[in-house]
Novice: 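Mind having a look at this structure? Questions to follow.
In what follows, every heavy atom counts, from backbone to side chain, and hydrogens, waters and symmetry copies are set aside. Please read these numbers as outputs of a predicted model, since none were measured by experiment. Along the sequence shown, residues carry numbers from 1.
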Amino acid sequence: MARIHDVVVDSRHPASLARFWAAVLDGYAVAPYDDDELARLRANGIFDPEDDPSVLVEAAPGVRPRFFFQLVPESKIVKNRLHLDLLAEDLPQEVGRLVGLGASVLSERAGWAVLADPEGNEFCVRT
């Protein structure tokens with residue numbers, strides 16, 4: 001039986017979108033760059049982690065799913081076919097926090113809201 005290993009998100013700028021989602025998700029952070037990872041990037045002609053074409057966001061070791069943000073040349077054009085649904089205890093407060101991080105509110109209804117991340121990927125927050 002298959003299990004979710006990673007969630008991969010196409011992105012125009014993986015580093016900034018990874019930082020957004022690390023701030024959104026409780027207990028998640030952008031994976032640190034150790035010397036081996038920096039050397040791997042340099043070997044591929046990348047000298048600044050801000051230009052990394054694949055950025056990992058993870059929680060504690062062994063916690064899944066992890067999130068990879070990968071560079072793609074095209075922008076998002078149409079509605080997502082898959083999105084995250086997040087839970088919050090205080091919906092207005094959480095929507096305000098997410099907007100402060102760079103999200104946009106697309107619609108609000110009783111008990112839930114549809115937002116978009118800084119690159120336009122939709123997600124929901126509900127109580």
Side-chain angles (χ1 to χ4, degrees):
M1 187 64 85
R3 297 180 314 242
I4 294 175
H5 180 69
D6 293 324
V7 175
V8 180
V9 180
D10 291 348
S11 175
R12 287 177 304 206
H13 193 260
S16 58
L17 198 57
R19 285 191 300 273
F20 170 83
W21 281 101
V24 167
L25 299 170
D26 186 27
Y28 279 79
V30 174
Y33 287 86
D34 60 18
D35 290 338
D36 289 341
E37 181 64 10
L38 293 171
R40 184 190 68 78
L41 289 175
R42 284 191 302 272
N44 288 305
I46 301 162
F47 299 96
D48 184 347
E50 192 66 16
D51 298 325
D52 188 348
S54 181
V55 180
L56 173 63
V57 171
E58 60 186 352
V63 173
R64 295 283 193 244
R66 302 179 314 174
F67 293 84
F68 271 99
F69 296 86
Q70 70 179 6
L71 181 65
V72 296
E74 67 278 354
S75 297
K76 180 185 169 300
I77 298 171
V78 297
K79 185 179 183 327
N80 298 13
R81 296 295 299 231
L82 173 76
H83 69 267
L84 297 179
D85 274 353
L86 308 177
L87 289 175
E89 290 183 22
D90 183 324
L91 184 60
Q93 180 180 358
E94 184 62 6
V95 168
R97 184 183 79 85
L98 297 172
V99 168
L101 292 172
S104 302
V105 176
L106 301 179
S107 66
E108 293 181 277
R109 295 190 172 83
W112 63 285
V114 180
L115 292 92
D117 72 15
E119 290 196 9
N121 301 301
E122 295 96 353
F123 64 99
C124 294
V125 181
R126 62 184 185 92
T127 54

Novice: Write out all pairs satisfying ring pair (Phe, Tyr, Trp, His ring centres under 6.0 Å) with one or both partners inside residues 79-121, taking only residues at least two apart or from two chains.
Specialist: none

Novice: Taking all atoms of both residues into account, what is the closest heavy-atom pair of Leu17 and Pro118, and its distance?
Specialist: CD1-CD, 4.0 Å

Novice: How many angstroms lie between atom CZ of Arg126 and atom CG of Leu86, to the nearest 0.5 angstrom?
Specialist: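 Atom-to-atom, Arg126:CZ and Leu86:CG are 10.0 Å apart.
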
Novice: Quick one: does Val9's side chain get under 4.5 Å of Glu119's, heavy atoms only?
Specialist: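 They are not in contact (no side-chain heavy atoms under 4.5 Å apart), so the answer is no.
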
Novice: About how many Å separate CZ of Phe69 and CG of Asp117, when rounded to the nearest 0.5 Å?
Specialist: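 If we round to the nearest 0.5 Å, Asp117:CG and Phe69:CZ are 7.5 Å apart.
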
Novice: If you look at every heavy atom in Val95 and Val105, which pair is closest and at what distance?
Specialist: CG1-CG2, 3.6 Å

Novice: In terms of heavy-atom contacts, does CG of Asn44 have more than 12 from other residues, nucleotides or ligands at under 6.0 Å?
Specialist: yes

Novice: Hey, what do you get for NE2 (His13) to CD (Glu50), rounding to the nearest 0.5 Å?
Specialist: 4.0 Å

Novice: Closest approach of Pro53 and Ile46, non-hydrogen atoms and distance?
Specialist: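 Looking at all heavy atoms of both residues, the shortest contact is CD-CD1, 3.4 Å.
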
Novice: How long is the gap from CG on Leu101 to CZ on Arg19, to the nearest 0.5 Å?
Specialist: 12.0 Å

Novice: More than 12 heavy atoms of other residues, nucleotides or ligands under 6.0 Å from CD of Glu89: is that the case?
Specialist: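 At most 12 heavy atoms, drawn from other residues, nucleotides or ligands, come within 6.0 Å of this atom.
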
Novice: Are Phe67 and Leu84 close enough that some pair of their side-chain heavy atoms sits under 4.5 Å apart?
Specialist: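 Yes. Closest side-chain heavy atoms under 4.5 Å.
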
Novice: Please find the pair of heavy atoms, one from Ala88 and one from Val125, that lie closest to each other, and give the distance.
Specialist: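 Heavy atoms only, the tightest pair is CB-CG1, 3.8 Å.
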
Novice: Apply salt bridge (Lys or Arg N to Asp or Glu O under 4.0 Å) to Asp6 and list each qualifying residue two or more places apart in sequence or on a separate chain.
Specialist: Arg66

Novice: When you group the ILVMFWY residues by side-chain heavy-atom contacts below 4.5 Å and let the links chain together, are Tyr33 and Trp21 in the same group?
Specialist: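 Yes, same cluster.
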
Novice: Run through the side-chain heavy atoms of Ile, Leu, Val, Met, Phe, Trp and Tyr, join any pair under 4.5 Å, and report what else lands in Leu87's cluster.
Specialist: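 Its cluster mates, by chain and number: none.
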
Novice: Rounded to the nearest 0.5 Å, how far apart are CG of Leu98 and CZ of Phe123?
Specialist: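 So the gap between those two atoms works out to 5.0 Å.
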
Novice: Might you point out which heavy atoms bring Pro49 and Ala15 nearest each other, and give the distance in Å?
Specialist: O-CB, 4.2 Å

Novice: Answer yes if Val55 and Val72 sit in the same cluster of Ile, Leu, Val, Met, Phe, Trp and Tyr residues linked by side chain heavy atoms under 4.5 Å apart, and no otherwise.
Specialist: no

Novice: Could I get the full list of side-chain hydrogen bond (donor to acceptor under 3.5 Å, both in side chains) partners for Arg97, not counting sequence neighbours?
Specialist: Glu94

Novice: Can you give me the closest heavy-atom contact between Asn121 and Lys76, atom names plus distance?
Specialist: OD1-CD, 3.4 Å

Novice: Going hydrophobic residue to hydrophobic residue with side-chain gaps under 4.5 angstrom, can you get from Leu41 over to Val57?
Specialist: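 Yes.
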
Novice: Supply the members, apart from Val8, of the Ile/Leu/Val/Met/Phe/Trp/Tyr cluster built from side-chain contacts under 4.5 Å; use none for a lone residue.
Specialist: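 Cluster partners of Val8: Leu56, Phe68.
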
Novice: Under 4.5 Å between side-chain heavy atoms, chaining through other members, with only Ile, Leu, Val, Met, Phe, Trp and Tyr counted: pull out the rest of the cluster around Ile77, sorted by chain and number.
Specialist: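 Other cluster members: Val78.
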
Novice: Counting only heavy atoms not in Asp34, do more than 12 fall under 6.0 Å of its CG?
Specialist: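 Yes, enclosed.
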
Novice: If you round to the nearest 0.5 Å, how far is NZ of Lys79 from CD of Glu122?
Specialist: 5.5 Å

